[in-house]
There are 2 protein chains.
Amino acid sequence: MRGSETGASKRVTYRHGDLRRALLDAGTELARGGGPEAVVLREATRRAGVAPSAAYRHFADRRALLDAVCSAAQSALAVAIEAELAGLPCKEDPAGRARARLRAVGTGYLRFAGAEPGLFRTAFSASDNLRSAASPARAGGGGLTPFQLLTATLDELVEAGVLPRERRPNAEFLAWSAVHGLAMLLIDGPLRGLDKTQAQHVGQRLLDMVEQGL
Amino acid sequence: MRGSETGASKRVTYRHGDLRRALLDAGTELARGGGPEAVVLREATRRAGVAPSAAYRHFADRRALLDAVCSAAQSALAVAIEAELAGLPCKEDPAGRARARLRAVGTGYLRFAGAEPGLFRTAFSASDNLRSAASPARAGGGGLTPFQLLTATLDELVEAGVLPRERRPNAEFLAWSAVHGLAMLLIDGPLRGLDKTQAQHVGQRLLDMVEQGL
DNA sequence: GTGTGATCGTGAACACCGTACACATAAGCG
DNA sequence: CGCTTATGTGTACGGTGTTCACGATCACAC
């Protein structure tokens with residue numbers, strides 16, 4: 001127990017409890033504010049109240065910390081998409097329901113990108129990436145990846161007879177590309193600065209395009 | 001006086017001819033190899049054979065150098081797209097021609113992204129961005145921007161009667177988003193590592209989607 | 001209890017980066 | 001020639017990632 005904290009000023013700690021988590025949280029906060037390049041190891045340790053070298057007990061290097069933050073950001077994106085899906089009114093018609101779900105995935109994606117541009121950008125800055133975003137097993141505890149949510153929704157579309165089976169292969173890449181591209185152009189690409197209502201309008205039209213052209 | 005260097009090795013230069021250009025070239029080479037974060041001021045000066053502080057006579061800061069490199073990268077992208085357009089067989093049918101041109105813009109974009117991932121990424125890392133990519137006047141000498149090539153092609157589609165006029169507004173954003181998104185996912189996103197033929201196949205299907213869903 | 005080894009944070013280094021400043025050199029022009 | 005101006009040098013400062021020897025603390029055996 002460390003009840004011996006006599007409230008002075010700078011007692012040496014030496015037992016942080018969970019420094020790894022503290023660094024991850026600090027890094028996530030940095031990423032939220034300035035994207036992947038803002039997650040600076042020294043600043044994270046500073047916020048955790050710890051010497052810079054202490055980070056190396058928990059992360060091999062800056063890149064490892066960034067990867068962890070990236071994984072957390074992906075989880076946050078997945079949660080946002082799931083929330084969008086959960087807020088959907090239940091429809092009987094399976095075709096309409098599947099269509100609505102695909103749209104919800106898209107709008108959830110875009111909404112998250114707009115609300116948390118820093119986290120969104122870090123979510124796609126992993127060094128491994130293909131595995132971490134698209135593979136079944138994700139590091140962060142338990143949930144589905146954004147990519148998996150998309151593929152599941154596309155499968156629903158096929159089962160509901162909306163999307164012909166022969167067009168199913170690679171469909172996730174097409175839908176993902178369109179939505180991801182718009183998100184990128186809006187938050188740090190040439191379309192940055194578009195006012196929100198117009199951006200939303202373009203988003204809806206993009207989802208129309210995907211739905212129709214898939 | 002440092003004329004007393006007996007011709008050994010390192011005569012001081014003091015007149016470089018065109019240091020600005022040398023730095024820009026060095027920076028472009030760095031960007032080609034490692035994207036925007038690889039254009040390091042000190043390394044550029046090193047390659048130009050000059051002291052680090054010399055760069056500040058020609059660029060306000062690292063960001064300014066990066067912006068210049070970014071502009072050059074955009075020009076390179078535009079040239080690649082124009083080359084793709086120029087390689088097109090001339091068709092009589094204006095509708096088919098317009099469609100082919102739109103496709104060419106897309107494939108040129110994707111091809112460049114695949115061939116020069118570093119330059120491609122730096123092309124979209126300007127600090128101003130909306131202006132530099134989408135506005136009529138570009139810094140680099142004279143040519144059209146990639147964005148302008150796209151809008152021109154879409155206008156052709158409208159004139160040829162392929163694209164209904166009421167769907168024209170924002171169409172450049174939709175097409176651009178789809179293609180840009182795929183490019184991003186392929187080069188440093190989760191789809192990196194897809195083998196080339198499959199990537200090309202997905203690219204074609206994406207362009208189908210755009211053509212149909214626009 | 002009391003060692004004893006493993007765990008975890010410290011402190012001082014190193015190399016690298018961007019940037020600022022005073023100074024040296026060269027070129028142009030009266 | 002001497003003046004001004006443009007351009008490159010040298011040195012320095014603060015910030016960064018990373019390493020390494022060291023020290024504090026815990027956990028467990030005895």
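Treat the numbers as computed from the prediction; the structure is a model and nothing was measured. Within every chain, numbering begins at 1; the chains are lettered A, B, ... in the order of the sequence lines, protein sequences first and strands thereafter.
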Separation of atom [atom1] in [X] from atom [atom2] in [N], rounded to whole Å:
| X | N | atom1 | atom2 | result |
| --- | --- | --- | --- | --- |
| B:D61 | C:dC17 | CG | P | 17 Å |
| A:R63 | D:dT16 | CZ | P | 18 Å |
| A:E43 | D:dG15 | CD | P | 11 Å |
| A:L41 | D:dG17 | CG | P | 5 Å |
| B:L65 | C:dC17 | CG | C1' | 14 Å |
| A:L66 | D:dG17 | CG | C1' | 13 Å |

For D:dG14, does either OP1 or OP2 sit under 4.0 Å from a side-chain N or O belonging to A:R42?
no
Please state whether the phosphate of D:dG8, meaning OP1 or OP2, lies under 4.0 angstrom from any side-chain nitrogen or oxygen of B:H58.
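Affirmative; the distance criterion is met.
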Between B:A55 and A:S53, who's closer to the 5' end of DNA chain D by nearest nucleotide?
B:A55
May I ask you to say what B:R46 touches in the nucleic acid, namely base, sugar-phosphate or nothing, with a heavy-atom cut-off under 4.0 Å?
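It contacts sugar-phosphate atoms only.
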For a ring pair (Phe, Tyr, Trp, His ring centres under 6.0 Å) with A:H180, tell me which candidate from A:F173, A:F124, A:F147 qualifies.
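Option passing the ring pair (Phe, Tyr, Trp, His ring centres under 6.0 Å) with A:H180: A:F124.
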Heavy-atom pair with the smallest gap, counting every atom of B:I81 and B:P146:
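The pair with the smallest heavy-atom distance is CD1-CB, 4.1 Å.
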Please lay out, stage by stage, how B:V179 and B:L207 fare under the test side-chain contact (heavy atoms from CB on, under 4.5 Å).
CA-CA 8 Å; B:V179 176; B:L207 292 174; 4.0 Å; yes
Checking B:Q200 against B:T197 for the side-chain hydrogen bond (donor to acceptor under 3.5 Å, both in side chains) test, could you report, in this order, the C-alpha distance in whole Å, the side-chain angles of both residues, the deciding distance, and whether it holds?
CA-CA 5 Å; B:Q200 213 150 2; B:T197 67; over 6 Å; no
